[in-house]
Amino acid sequence: MSHLLVSISHTLNQVEKAKAAKKCEVCCLKNVRNPPTATKRCLDCKESMCEACSSDHLLHKLNRDHKLFPVDQFDSDDYVTELRARQNTLCDHNNKDPVEIFCPVCKKFICVGCMVLEHQGHNCLRINIAADKRKEKLKFHVKPIEKKSLLFDQFKTAAEDQKASVEEGRKTAKSQVKKQLELIIQLASQRADNLLKEIDTKLNAKLDTLNELIETATANQNRLDDVVDFSRKLINHGNDMDVLQMALVCEQSVESVQTIDIPTLPAAMTRLQLITKDMEECVTNINSCLGDVVPAASGRLVTSFKEELSKCPEEVISRLTTDANCDILISIFCKDKARNRINIYDNNFVLQDTIPNPRAAEKESFAGIAIDDDSHIVTRCQGSNEIIAFTKTGDQVRTFHSKSPHAVAVNSKGHYVVAGFNTLTVHHKDGKVLQTAPDPGGKYTKHIHCDVNDGAIVSDPASHHIRVYDSTLQLKYRYGTQGAGDGQVGRPCGTCCLDNGDIIVTDPGNYRLHLVSPDGEFKQILLSKEDGIRVPVDVVLNRFGQLVVGEERGGIKVFQL
């Protein structure tokens with residue numbers, strides 16, 4: 001390395017010295033007045049010359065093999081290479097004689113004399129031969145690096161292609177969304193105009209009817225007032241003869257108006273009501289019209305709530321679900337099994353009811369939860385090997401045996417799918433076993449969810465992955481390994497599915513939610529610590545398409561994706 005540094009330093013000094021020689025050095029030696037500018041340099045004589053002197057220089061017999069180099073090329077690589085080739089390096093031993101030999105054992109550049117005296121048996125080589133061999137070896141080492149560099153080029157090309165594709169996709173998708181939006185707005189505006197015209201037509205008809213009734217009532221009232229007025233004047237101001245002469249007429253008039261009826265206001269016409277579609281159906285229809293895109297990396301927090309949990313003994317949220325009314329059902333676990341319970345809140349987080357542990361006296365672990373097709377709340381008692389269904393008011397409607405149940409879900413057929421300690425079992429809701437398959441046991445309690453195709457998604461916190469089964473309970477794939485990278489999870493718990501089959505997986509160990517494709521490929525982090533997520537243990541989509549996240553220490557957060 002010292003030879004290289006010295007050589008490079010010497011070469012740079014020579015380049016700078018050559019640049020400094022602006023005038024022809026030969027003319028200067030001849031004492032020429034106003035010597036001309038140097039145009040070339042003789043690398044052998046190390047002198048800069050003008051055009052005339054450089055031409056004369058090569059005419060001398062001894063100088064004909066000298067190398068002349070143009071001044072304007074002093075900064076070129078060719079000039080530096082030529083200088084490096086002409087350098088004489090002195091022997092590392094005596095520091096007097098030029099080096100000719102390289103010793104591969106001592107890694108020294110030496111002269112022939114020192115080779116004979118100091119480096120016998122070291123397989124010394126002439127420098128050019130040693131350099132050629134090292135060049136071949138260096139080529140061997142550089143070749144895979146060059147190949148790897150090409151792979152980076154290919155990667156960058158592919159990445160740039162993907163960037164272009166992403167930008168084009170962004171442009172196309174936005175254009176499609178805007179066109180769909182314009183169409184929906186146009187249709188909605190037309191529908192609104194029709195509704196407004198319909199309102200005017202119906203209300204104008206009602207007003208016409210009411211105006212006619214008011215006119216009739218006014219005319220009849222005027223007749224009554226006229227009879228009363230005439231009679232009062234006769235009574236108060238008429239003399240005896242007037243009374244006797246006009247009394248009969250007044251009496252006849254009174255009798256004639258007695259038959260006039262007060263109009264009846266038709267109750268059905270007193271108001272007009274706009275009957276709208278169910279909001280969920282509206283949302284579904286609008287979503288369907290606009291189409292689907294991949295959910296954003298994070299969602300918008302709509303609302304949040306904190307379930308007040310005891311710290312001693314410690315209580316945690318273990319399960320979460322919602323029903324058709326968007327009520328939120330929270331399963332709370334405590335080592336003091338008597339405190340295990342399910343709290344039911346409406347969508348404004350007002351507590352509606354609590355289902356206590358039915359096996360508190362036996363100190364059995366009570367948890368759940370799923371909603372069946374009868375809108376009953378399905379739970380499990382692990383120690384007593386029971387699946388228990390309740391009404392929302394806490395009344396038990398059915399109970400049956402299932403071995404070591406960890407968690408329960410309900411598929412589209414209304415069957416109960418139970419994740420046992422080491423089995424998966426499908427029960428009819430009356431308890432009859434329809435199907436069973438093995439599923440590995442672990443240290444922690446499992447979670448289970450049924451996907452859009454009636455497959456089962458089992459979370460295995462101990463093994464840091466989920467297992468996805470098809471509707472026949474055949475294992476399709478596992479997703480996740482322990483860690484914090486893409487596709488890695490820490491103690492996965494609750495899961496849920498989007499309509500397109502994508503799976504949302506809670507990752508409490510890393511404070512985030514994963515979005516996984518139907519075939520088990522990682523797609524993206526859906527929500528993370530930056531979105532306010534803290535130890536998410538369960539997740540569910542409510543009927544409005546919002547994502548409800550339950551956090552271990554009581555946080556309930558609702559996101560619009």
Side-chain angles (χ1 to χ4, degrees), residues 1-104 106-116 118-119 123-143 145-146:
M1 183 62 72
S2 61
H3 281 291
L4 177 62
L5 293 175
V6 170
S7 175
I8 292 174
S9 177
H10 180 68
T11 301
L12 292 176
N13 288 335
Q14 284 186 288
V15 171
E16 293 303 317
K17 184 177 180 181
K19 288 181 178 180
K22 302 294 185 181
K23 301 295 183 179
C24 176
E25 296 179 56
V26 175
C27 291
C28 290
L29 290 173
K30 295 178 180 178
N31 292 319
V32 176
R33 182 178 295 182
N34 297 322
T37 302
T39 59
K40 292 182 180 178
R41 185 175 181 82
C42 177
L43 302 184
D44 296 275
C45 299
K46 298 180 181 178
E47 288 183 331
S48 296
M49 310 173 189
C50 63
E51 194 67 34
C53 290
S54 63
S55 298
D56 291 341
H57 187 69
L58 294 178
L59 293 177
H60 294 281
K61 184 176 181 180
L62 296 177
N63 300 339
R64 288 174 186 170
D65 59 346
H66 284 195
K67 177 74 173 180
L68 296 178
F69 214 92
V71 170
D72 58 4
Q73 295 183 21
F74 282 173
D75 289 323
S76 68
D77 290 339
D78 289 342
Y79 183 62
V80 173
T81 301
E82 186 69 29
L83 289 179
R84 294 286 305 280
R86 291 170 175 269
Q87 287 179 3
N88 286 324
T89 304
L90 300 180
C91 176
D92 285 344
H93 280 298
N94 60 32
N95 202 28
K96 292 188 297 182
D97 298 320
V99 298
E100 298 180 62
I101 307 297
F102 175 73
C103 175
C106 303
K107 303 292 189 298
K108 289 184 178 294
F109 297 92
I110 55 178
C111 62
V112 174
C114 289
M115 176 189 71
V116 175
E118 305 289 343
H119 297 270
N123 296 320
C124 294
L125 298 170
R126 289 199 171 272
I127 288 177
N128 62 331
I129 297 174
D132 288 342
K133 288 188 175 182
R134 291 308 298 268
K135 286 178 182 178
E136 291 299 320
K137 187 175 181 180
L138 189 58
K139 287 179 182 178
F140 175 78
H141 288 296
V142 168
K143 191 172 183 179
I145 305 300
E146 291 175 335

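Note that the structure is predicted; figures quoted are calculated from it, not measured.
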| If you measure from SG on Cys27 to CG on Asn34, what distance do you get to the nearest 0.5 Å? | 11.0 Å
| Do Glu47 side-chain atoms and Cys42 backbone N/O form a donor-acceptor pair below 3.5 Å? | no
| task | Starting at CG of Asp44, measure out to CG of Asp65 and round the result to the nearest 0.5 Å. | result | 6.5 Å
| field | Over all atoms of both residues, closest heavy-atom pair of Cys28 and Pro35 | value | SG-CG, 3.7 Å
| Contact summary for Cys50 and Thr39, nearest pair of heavy atoms | C-OG1, 3.5 Å
| message | So Lys23 and Thr37, do their side chains get closer than 4.5 Å, heavy atoms only? | response | yes
| How close do Ser54 and Leu68 get, heavy atom to heavy atom, and via which atoms? | O-CD1, 3.7 Å
| task | Using ring pair (Phe, Tyr, Trp, His ring centres under 6.0 Å) as the criterion, list what pairs up with His119, not counting sequence neighbours. | result | His93, His122
| said: I need the Asp92 CG to Ile110 CD1 distance, nearest 0.5 Å. | reply: 8.5 Å
| query | Mind checking what makes side chain to side chain contact (heavy atoms under 4.5 Å, CB included) contact with Asp56, not counting sequence neighbours? | reply | Leu59
| query | What pairs of residues pass the salt bridge (Lys or Arg N to Asp or Glu O under 4.0 Å) test when at least one of them lies in residues 28-40, not counting sequence neighbours? | reply | Lys40-Glu51
| Closest approach of Asp97 to Cys111 (non-hydrogen atoms, all atoms of both residues) | CB-CB, 3.8 Å
| field | Which atom of Phe109 lies closest to which atom of Ile127, heavy atoms considered | value | CD2-CD1, 3.9 Å
| message | Would the distance check show the side chain of Lys46 and the main-chain N or O of Leu43 forming a donor-acceptor pair, the cut-off being under 3.5 Å? | response | no
| said: Under a 4.0 Å threshold between the charged nitrogen and the carboxylate oxygen, would Glu25 count as salt-bridged to Arg41? | reply: yes
| side-chain hydrogen bond (donor to acceptor under 3.5 Å, both in side chains) pairs, two or more places apart, involving residues 125-134 | Glu100-Arg126
| field | Met115 and Lys108, any side-chain heavy atoms less than 4.5 Å apart | value | no
| Listed once per pair and sorted, the ring-ring contact (aromatic ring centres under 6.0 Å, His included) pairs that draw on residues 40-62, sequence neighbours left out | His57-His66
| field | Atom pair SG (Cys124) and CD1 (Ile129), whose distance is rounded to the nearest 0.5 Å | value | 12.0 Å
| message | Tell me if the CG atom of Asn123 is crowded by more than 12 foreign heavy atoms within 6.0 Å. | response | no
| request: Using salt bridge (charged side-chain N to carboxylate O under 4.0 Å, His left out) as the criterion, list what pairs up with Lys143, not counting sequence neighbours. | output: none
